[in-house]
Amino acid sequence: MILPFFLRARFARRFPRRLREEAKVTHREGPSQQGAAYAAGRVLPLVLLLAFVGAASAQEIDREAEYRQSAAVLARYPDVPLPLDTPALAPGRSEFTSQAEMEAYLAALKARVPGLVLGSLGRSGQGRDIPYLLFTKEDLSDPAAVVALGRPILWFIGLQHGNEPAGGEAMLALASSLADGKLTPYLDRVSVVVVPRANPDGAAAFTRSTGNGADLNRDHILLTLPESAALHAKLVELPPDVVIDAHEFSVANRWLQKFGALEASDAMFLYATHPMVHPALTALADGVFRPALEAAWQPHGLTSFWYHTTSYRPDDKLVSMGGNAPGIARNAFGLMGAVSFLIETRGVGVGMQAFQRRVATHVLAAEAVIATAAADPRRLRDTVREARRASAAERADLIVAHRLAVVPVDLPMIDPESARDRPTEVQFQDSRAITATAKRARPAGYILLGDAAAADRLALDTVAVCALAAPAAIDAEAFMLKGAVKRINRESINPDQSVEVELTSKSLALPAGTRFVPMNQPAAAIAAAALEPDSRGSFIGTGIVGLPADANEAPIYRADAAAARSLRLAPPPGVPTSACEPM
Ligand SMILES: [Zn+2]
């Protein structure tokens, strides 16, 4: 990979004043906003993060000071009567479950239940194992055989963020319930994949980030990390119908600093909100799965609210729903055509306080999702299939940039001493309330020049990449690169800058073997998010596709329908022939 510091040098030379001026307005941009420019001089450090050199800003993300909740507050969050036998919930425990304990727990499960399918997704950056468990009625271990069952495949992922332990602990409890047969009746109708610890290095260090200081949960399109690449390799084999991504949110910290109150909700949740997620998936998430989650929590007095966050700047009182960046797992899985939920419990920065309740909240959610999917697997499968078919058939313009509505909302908060309700009105940026601010005609496909790295990543993103079976001469659209763009991002420590572009027509002589990404495929929106250079966190913007020093043109070209029809395409190994049929 050519390191894209060339971008910085070139843009600094060409656009220094404009970028400096635009940088002044970046503070008004929320995490989901498109369009704020970034000072050219700060692009280099961000790009170096991508190259895994240092991670100074990671400390800011991981600096969740331990907060001790008052006795009155803790009395509001008692244990949930649910038998849970995981390591960190043993009586008298004062430490979270270690990697060794997790591995021993799963090994004991396997010893108890010989048919259990326990495998490894791969290794983390620091060499720790990333186990997964696969549950089918037939105890199948071959992914193709699982897919052939035709049952919905439900994925549960814990501990993408290492300092959010309840999700990972709940995945162990869920695995135990599934292994011991407590949920067996459901396996007639659904298959389940459990990943207890997606970021084992972060868990070992109790940091949000991975071992090299990156945010795993912003890397689901770029796949620069061994952890995300390992996860996606299995996701490609076992395409999800539902993904639950289990996290925890900050209780006090910034909320106390800005609003003088604590977060009240036991759980926060949000489905995929990227504007190109198919509305039928959103309707199913909002209309069927959300009520099921609430119904599972309510009898235990567990409260919930839309997932939201706020920046680390004390003067910035804006509260934002989880953002719309495509690289967030919740959004990436939605763009792949799955019902996708982020579920968070009330646990960052408070150590082991109320840990049983936090774990139980995730366990109840997971069981509710399995029960809901199993109650009507056909509706789920049909909705997912139709969403994927419709995404492949979609011809509407791409949404290149959008803004979000900001509305006043009463946040459920509590007094830090008395624990009394203290609903607090805030300005709330709603990631579901999208207004497109820039659109662009959808191409019929993208031509990828340069090395194979981009195509390999797209394949892990479930995007089919074809090859030209014969040389071709076509008129295409070229992206002329105009300037680097970086959004202020409250949560992400990964680079997610993009590049301003201008489209221009260009005649191309393409040799046989040239890679072509057709847009008449279910993952078209992921292809566009990765390949349009001005999409947030694009391959060009983040340097995944490197540029030579003097380049002012991306090695990615857009083909319209006429140009695409003139191409003879062949599927490379592993790509279904149907993906590369003439358009
Ligand atoms: Zn998290």
Side-chain angles (χ1 to χ4, degrees), residues 31-32 55 57-67 96-97 124 130 155-171 195-211 213-220 225 227-228 231 243-255 263 265-273 304-312 319-334 340-351 354-355 358-359 361-362 365-366 431 489-494 496:
S32 328
S57 59
Q59 284 160 11
E60 183 184 353
I61 300 296
D62 293 326
R63 193 190 54 211
E64 286 282 355
E66 187 99 343
Y67 176 79
F96 294 116
T97 301
S124 66
I130 309 174
W155 277 74
F156 295 88
I157 301 170
L159 270 167
Q160 281 210 72
H161 291 145
N163 63 338
E164 301 172 11
E169 199 75 7
M171 293 306 122
V195 179
R197 191 169 287 215
N199 172 13
D201 298 346
F206 204 65
T207 58
R208 175 182 172 91
S209 59
T210 60
D215 189 333
L216 176 57
N217 196 26
R218 298 295 180 276
D219 196 49
H220 288 279
L225 302 168
E227 293 85 356
S228 51
L231 185 72
V243 184
I244 302 298
D245 184 21
H247 289 247
E248 297 205 86
F249 61 84
S250 181
V251 174
N253 194 280
R254 290 166 270 170
W255 305 108
E263 285 282 17
S265 305
D266 286 290
M268 294 188 191
F269 56 79
L270 189 60
Y271 39 74
T273 51
S304 58
F305 198 73
W306 298 104
Y307 172 70
H308 55 267
T309 183
T310 188
S311 75
Y312 281 87
V319 173
S320 306
M321 224 179 206
N324 289 352
I328 296 173
R330 169 175 56 82
N331 290 323
F333 300 139
S340 169
F341 265 96
L342 167 75
I343 298 179
E344 305 225 353
T345 49
R346 190 179 177 280
V348 169
V350 294
F355 192 55
R358 289 148 56 188
V359 176
T361 302
H362 276 298
S431 298
N489 191 326
R490 292 156 202 269
E491 293 278 292
S492 180
I493 48 182
N494 300 359
D496 74 347

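The figures here come from the full heavy-atom set of this structure, side chains too, leaving out hydrogens, waters and symmetry mates. Numbering of ligands and ligand atoms starts at 1, following listing order. The shown structure was predicted, so the numbers you read here are calculated from the model rather than taken from an experiment.
The closest side-chain heavy-atom distance from D266 to T345 is not below 4.5 Å. In this structure the side chain of V195 never reaches within 4.5 angstrom of the side chain of M171, judged on heavy atoms. F341 places a side-chain heavy atom less than 4.5 Å from the side chain of Y271.
Not counting sequence neighbours, the partners of H247 by the side chain to side chain donor-acceptor pair (under 3.5 Å) test are H161, E164, D245.
Near the Zn ion (ligand 1), less than 2.8 Å away, sit the protein N, O or S atoms H161 ND1, E164 OE1, E164 OE2, H247 ND1.
Between H220 and F333, the ring centre distance stays below 6.0 Å.
A donor atom on one side chain and an acceptor atom on the other are found under 3.5 Å apart for R330 and T273.
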